[in-house]
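Notes to accompany the following structure.
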There are 2 protein chains.
Amino acid sequence: MRRPTLEEVAAAAGVSKMTASRALRGAADVSKDSILKVREAAERIGYVGNQLALSLSAQRTNLIGVVVPSLSNVVFPEVLSGISAVLEGTGMQAVFGLSDYDPDKEREVIRNMLSWRPSAMIVTGLDQPDETLRLLRQADIPIVQLMDLDGEPVDFNVGLSHGAAGEAMGRALLTTGRRRIGYVGSGLGRDLRAAKRKRGFEMSLRQADLSLEAEEVAPDFSSPSLGKRLTRALLLKAPELDCIYYSNDDMAAGGVFACMELGIAVPDRLLIAGFNGLEIADALPVRIATSHSPRREMGETAARLALQAMTPERERLERIVAFTPRITLGSE
Amino acid sequence: MRRPTLEEVAAAAGVSKMTASRALRGAADVSKDSILKVREAAERIGYVGNQLALSLSAQRTNLIGVVVPSLSNVVFPEVLSGISAVLEGTGMQAVFGLSDYDPDKEREVIRNMLSWRPSAMIVTGLDQPDETLRLLRQADIPIVQLMDLDGEPVDFNVGLSHGAAGEAMGRALLTTGRRRIGYVGSGLGRDLRAAKRKRGFEMSLRQADLSLEAEEVAPDFSSPSLGKRLTRALLLKAPELDCIYYSNDDMAAGGVFACMELGIAVPDRLLIAGFNGLEIADALPVRIATSHSPRREMGETAARLALQAMTPERERLERIVAFTPRITLGSE
DNA sequence: TACGTTATCGATACCGGTATCGATACCAAT
DNA sequence: ATTGGTATCGATACCGGTATCGATAACGTA
């Protein structure tokens, strides 16, 4: 008692498999009478088409593989939502995979996805090891590398320069007169983009003959709790700081909470700066500085690019789409 | 210049397709010599297996379809992470779909997934329309319904009773002596589980001859910003409230921020209660009451159940796994 | 009446794997 | 020399669709 096949629908409708196939797809060369009979039969016995057979036969799938490092960081669910929204109604279907920030796992996830013969792939970042890049290149489908911009893409690239974003935030903070600057971050070994922001940030300080007075970094995943804990630790070591740069807004929110508990005026005495422009930053009772990264738009753009790259239009597409995060200082 | 097939690997290795197939799968009846030749050839020409052909031939896939309403609510990414983690290394692969809280869209997403012949399905909630339920039943694979518990499952059910959770929170709040109670919520038309919690909550009030003094509900998606805005509006209408129940912790966090700005002491003057036990609740500078829902565990349990249900063990499995959220009042 | 056109349909091959079973070679035992 | 067992291999069928092309019937026209 398996799932009914087209053959069975055809038998129930008293026509051949081919006629049934044509009838259900709305193809030409079928009489109205046959169409009705086949539709009725399919409905009656609960026929659901088989994409495996269809895709094998058609030599292409309606799948777009998407690999992100994690879902814990709100950034990625938002990117995925953007991708999903654009694909909606196009007949294309996103398939998500998680790499957990682990390059080996990422390679296996990608290899797995490629075995489903997706029509395009969207992956996070530009820092894949050679073997992974080779897999992607050999797949001979449009590849979109997402989020990051500092590097040479396999094919298409949608993102922003995290180095430049860190540097821009550094310069912006310096214009507010802050000089005693600290850093709080998490998981820099894995989160390469946060590490790039930090390097860019430090570079901007050096150009002003400054450097980070203190920093506190933990290997854990980023979260408000961790941000709070590390901020307390940092302020114990370096109570004179007038500004702290965080690896992202989650951590920065924790910084805000720490300051509230310690009675430190934000942003008057201590300016707090994050990254992402998360929704939570808007709701906080005090303003923080942040770079607004267009996460959803990047997802949407990547999906659109993937769709277009599957058409002959492919040749005429820009290979790199650069976004620039908008900085708000929140202090004024 | 398509992707190389097994046939081509076989030709390059000087053996037949069957021998190549056996060699790559590590099956019996192949000489060491052939294995080496085939492996080398496959590596050299960059062969990647074709799951379409494999699954069509084997009459089963390694796919588990998962449908959630959204990724905007942190709850669902956590559930998905749990599912992903359990499936890791089992050879099974989760495929995610989004319904956007839209029953029609959910039905189409499910229909789409079924056309890939997944080996199991995990869907959110028990409130699917009949047509969707029929699709799921006819698929003749293990179906796990997730998150919710108030209803009759198709097959397996993992979740918690949101009605009971709301009621329990109501009773708990009453024991603290609070009597003037308000409600702040969002999107109750779509978020059926939040609506169930509210109903349970109101029932517990009625049992104490009380009712909600005021409520503020908006159709938007839940967020700290919305929680903040609605809290301000509610406190304008009903400044004497000593307790507010929120549709979830995101909204409750916004309530905390509103109180901070209004100079209202939390929890001394106003007790704030949410749902979920989100990470952010721990980091807030003041304590709120919340029900800790084991989101990740529910995902893990659902995945484990799906895996077991695909084995002969199926008959011996509990069909309903009930979780009970742990309530913390935060006030003491 | 013979013929071309059009509408409709179905037989067959194919997509890229795997299950199955028969074929072959080699060796040991009788 | 015959037999039987073992190791290795390949031909074939099949999974469930669709593309392709030839077949058939109905019809109008020369």
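Proteins come first, then strands; the chains are lettered A, B, ... in the order of their sequence lines, and each starts at number 1. Everything numeric here is computed off the predicted structure, so don't read it as measured data.
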Does [X] reach the main-chain N or O of [Y] with its side chain, forming a donor-acceptor pair under 3.5 Å?
X        : Y        : result
B:Ser55  : B:Gln51  : yes
B:Arg304 : B:Ala302 : no
B:Gln145 : B:Val154 : yes

Check: [Y] and [X] side chains under 4.5 Å, non-hydrogen atoms:
X        : Y        : result
A:Thr61  : A:Trp116 : no
B:Gln308 : B:Arg314 : no
B:Met113 : B:Val95  : yes

Decide, yes or no, whether a salt bridge links A:Asp148 with A:Lys196 under the criterion of side-chain N to carboxylate O below 4.0 Å.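 Between A:Lys196 and A:Asp148 there is a salt bridge, with a charged N closer than 4.0 Å to a carboxylate O.
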Work out how much the helix from C:dT1-D:dA30 to C:dT30-D:dA1 bends between its end axes, five pairs an end, to the nearest 10 degrees.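 The value is 70°.
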Could you state the atom-to-atom distance from CG of A:Leu24 to P of C:dC9 in whole Å? 13 Å
Donor + acceptor pair across side chains of [X], [Y] (<3.5 Å):
X       : Y       : answer
A:Ser81 : A:Ser84 : no
B:Ser31 : B:Ser34 : yes
B:Ser21 : B:Arg25 : yes

Per-nt protein contacts along nucleotides 10-20 of chain C (heavy atom under 4.0 Å; B base, S backbone sugar-phosphate only, - none) come out as BB---BBBBBB
Please classify the nucleic acid contact of B:Ser34 as base, sugar-phosphate, or nothing, using heavy-atom distances under 4.0 Å. sugar-phosphate
Could you write out each protein N or O paired with an N or O of nucleotides 25-28 of chain C at a distance under 3.5 Å?
none

